[in-house]
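The first residue of the sequence shown is numbered 1, and numbering continues consecutively from there. In each ligand, atom 1 is the first atom listed, and ligand 1 is the first ligand listed.
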Amino acid sequence: MSLPLVLDCDPGTDDALALFLALASPELDVLAITVAGGNVGLDRTLPNALALRSLTGRDIPVYAGADRPLLGSFASATRVHGIDGLGGIALPLGRPAEQEHAADAIRRIVRTAKAPITLVGIAPVTNFALALMTEPSIAANVEQIVLMSGAWGEGNATPAAEFNAVSDPEALAVVLACGRPIVIATLEVATQALCTPQHLADMRASGVGRCLRAACDIQGSVPFSRRLGGTGAALYDPIALAWLVRPDLFTTRPAQVTMDLGPGPCRGRTVIDRWGRTDQPANATVLETIDAEGFFALLTERFNCLP
Ligand code: RIB
Ligand code: CA
């Protein structure tokens, strides 16, 4: 029985690989793809999601959502993802998105689902927060929420905060407080599985499909981060999906996660208490370690299942 889920994204180079992994995995039943502004503006993340969806040949409905956070202004990450969001890799245009707003679609899908729905967030979680704030009762039909978000150490968007978290801290606080099981893939677990030039060469040599080729071209455009030692690029978003497909590749730890919503330099920080120092009950499961080679083998195998 495959897992019914809604995938919220902001493509985004790593979102692209996460979308491919999700749509290539029979363990997952992607009911909808919802899109937010994030890595680049919604005017780019939406066509990127439509193009990626079409490249896979899967007819999954795509819904446009929030182009800004609940509070404050929008800030992108073009330094990592390029002006267009996919590192300059041009893909054929996909067919248009549905007319329904993402938050409305999330509410409708969760409200009417016969079995509880998993929400997967690999972007600022504004769409999930809007759905949960405007119809709190849908939380009862949410199985779990799996997020790429946050860090227990230094951030990648600011010294204190990870990009998705700081892009809409209030939205993340709403999701963390919704009362449903939360699984978080932080920056740290991704830095244990950096995509090196060798990984990319091996992946590219593994097949000839258009999605595999696009994945390698897109990932090959990502600059290596000084923060990570300049040896490879982190695949943040695919890790959140890999947890759902192959949880055996990970170790986890329950932790209490709270948000810094202040105006200061720590705004958007996820305060992750991995050692029970606050005596507060855990409200999330944090992914701690990953079998990196098993993860790359999974990506390579699944990308070769796509056209
Ligand atoms: O910090 C990494 C996260 O921010 C990833 O989801 C990436 O796509 C960006 O959105
Ligand atoms: Ca993302």
Visitor: Side chain of T45, backbone of A36: donor and acceptor closer than 3.5 Å?
Guide: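 Flag set: sc T45 to bb A36 pair under 3.5 Å.
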Visitor: If the plane angle is over 60° it's perpendicular, under 30° parallel, otherwise tilted; pick one for F303 and F20.
Guide: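 If you compare the ring of F303 with that of F20, the planes turn out perpendicular.
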Visitor: Quick check on contacts: which atoms of ligand 1 are under 4.0 angstrom from a heavy atom of N164?
Guide: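 Near N164, the atoms of ligand 1 are 3 (C), 4 (O), 5 (C), 6 (O), 9 (C), 10 (O).
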Visitor: By atom name, which N, O or S atom of D237 is the nearest to the Ca ion (ligand 2)?
Guide: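 Of the nitrogen, oxygen and sulfur atoms in D237, the Ca ion (ligand 2) lies nearest to OD2.
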Visitor: Find all atoms of ligand 1 within a distance of less than 4.0 Å from any non-hydrogen atom belonging to D14, and give their numbers and elements.
Guide: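 Counting from 1, the qualifying ligand atoms are 5 (C), 6 (O), 7 (C), 8 (O).
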Visitor: Return yes when at least one N/O/S atom of A18 is nearer than 3.0 Å to the Ca ion (ligand 2), and no when none is.
Guide: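 Not a single backbone or side-chain N, O or S atom of A18 is under 3.0 Å from the Ca ion (ligand 2).
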Visitor: The test is side-chain hydrogen bond (donor to acceptor under 3.5 Å, both in side chains); show your working for T34 and D8 and say whether it passes.
Guide: CA-CA 5 Å; T34 55; D8 190 69; 2.6 Å; yes
Visitor: Which angle, to 10 degrees, forms at the Ca ion (ligand 2) with O of I122 on one side and OD1 of D15 on the other?
Guide: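 It comes to 130°.
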Visitor: Which atoms from ligand 1 have a heavy atom of N156 less than 4.0 Å away?
Guide: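 Heavy-atom distances to N156 below 4.0 Å select 1 (O), 2 (C).
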Visitor: Which residue holds the protein heavy atom closest to atom 9 (C) of ligand 1, what is that atom called, and what is the gap in Å?
Guide: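 The closest heavy atom on the protein side is N39 OD1, 2.9 Å.
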Visitor: Does Y236 approach ligand 1 within less than 4.0 angstrom via side chain, backbone, both or neither, non-hydrogen atoms only?
Guide: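 Side chain only.
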Visitor: Can you name the N/O/S atom of D10 that is nearest the Ca ion (ligand 2)?
Guide: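 Of all N, O or S atoms in D10, the Ca ion (ligand 2) lies closest to OD1.
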Visitor: Which of the atoms in ligand 1, numbered in the order shown and given with their element, are less than 4.0 Å from a heavy-atom of F163?
Guide: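 The list of qualifying atoms is 1 (O), 4 (O), 9 (C), 10 (O).
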Visitor: Under a 4.0 angstrom heavy-atom cut-off, which atoms of ligand 1 come close to D15?
Guide: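 The atoms of ligand 1 under 4.0 Å from a heavy atom of D15 are 8 (O).
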Visitor: Does any N or O in the side chain of S221 come within less than 3.5 Å of the main-chain N or O of I218, such that one atom is a donor and the other an acceptor?
Guide: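 Between the backbone of I218 and the side chain of S221 there is a qualifying donor-acceptor contact (under 3.5 Å).
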Visitor: Measuring from atom CG of L7 to atom CG of D237, what distance do you get when rounded to the nearest 0.5 angstrom?
Guide: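 Nearest 0.5 Å value for the CG-CG distance: 8.5 Å.
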Visitor: Quick check on contacts: which atoms of ligand 1 are under 4.0 angstrom from a heavy atom of E162?
Guide: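 Ligand 1 atoms under the 4.0 Å threshold to E162: 1 (O), 2 (C), 3 (C), 4 (O).
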Visitor: Picking from L52, L86, D10, V35, what satisfies side-chain contact (heavy atoms from CB on, under 4.5 Å) with D15?
Guide: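 Exactly one candidate clears the test, D10.
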Visitor: Would one find an N, O or S atom of D14, in either backbone or side chain, under 3.0 Å from the Ca ion (ligand 2)?
Guide: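 No - counting backbone and side chain alike, D14 has no N, O or S atom under 3.0 Å.
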Visitor: Would you say the side chains of Q198 and T196 form a donor-acceptor pair under 3.5 Å?
Guide: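 Looking only at side-chain atoms, T196 and Q198 do not form any donor-acceptor pair under 3.5 Å.
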Visitor: Treating Ile, Leu, Val, Met, Phe, Trp and Tyr as nodes and any side-chain heavy-atom pair under 4.5 angstrom as an edge, say whether V271 and L172 lie in one connected cluster.
Guide: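 Per the 4.5 Å side-chain linkage, V271 and L172 are not co-clustered.
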Visitor: Answer yes or no: does an N/O atom from I122 fall short of 3.5 Å to an N/O atom of ligand 1?
Guide: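 There is such a contact, yes.
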Visitor: Would you call R302 and E27 a salt bridge, taking side-chain N to carboxylate O under 4.0 Å as the test?
Guide: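 Counted as a salt bridge, because a side-chain N and a carboxylate O are separated by less than 4.0 Å.
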Visitor: Should you measure from each heavy atom of D237, which atoms of ligand 1 turn up under 4.0 Å away?
Guide: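 In order of numbering, the contacting atoms are 5 (C), 6 (O), 7 (C), 8 (O).
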Visitor: Got a salt bridge between R269 and E154, using NZ or NE/NH1/NH2 to carboxylate O under 4.0 Å?
Guide: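 Between E154 and R269 there is no salt bridge, as every charged N stays at least 4.0 Å from the carboxylate O atoms.
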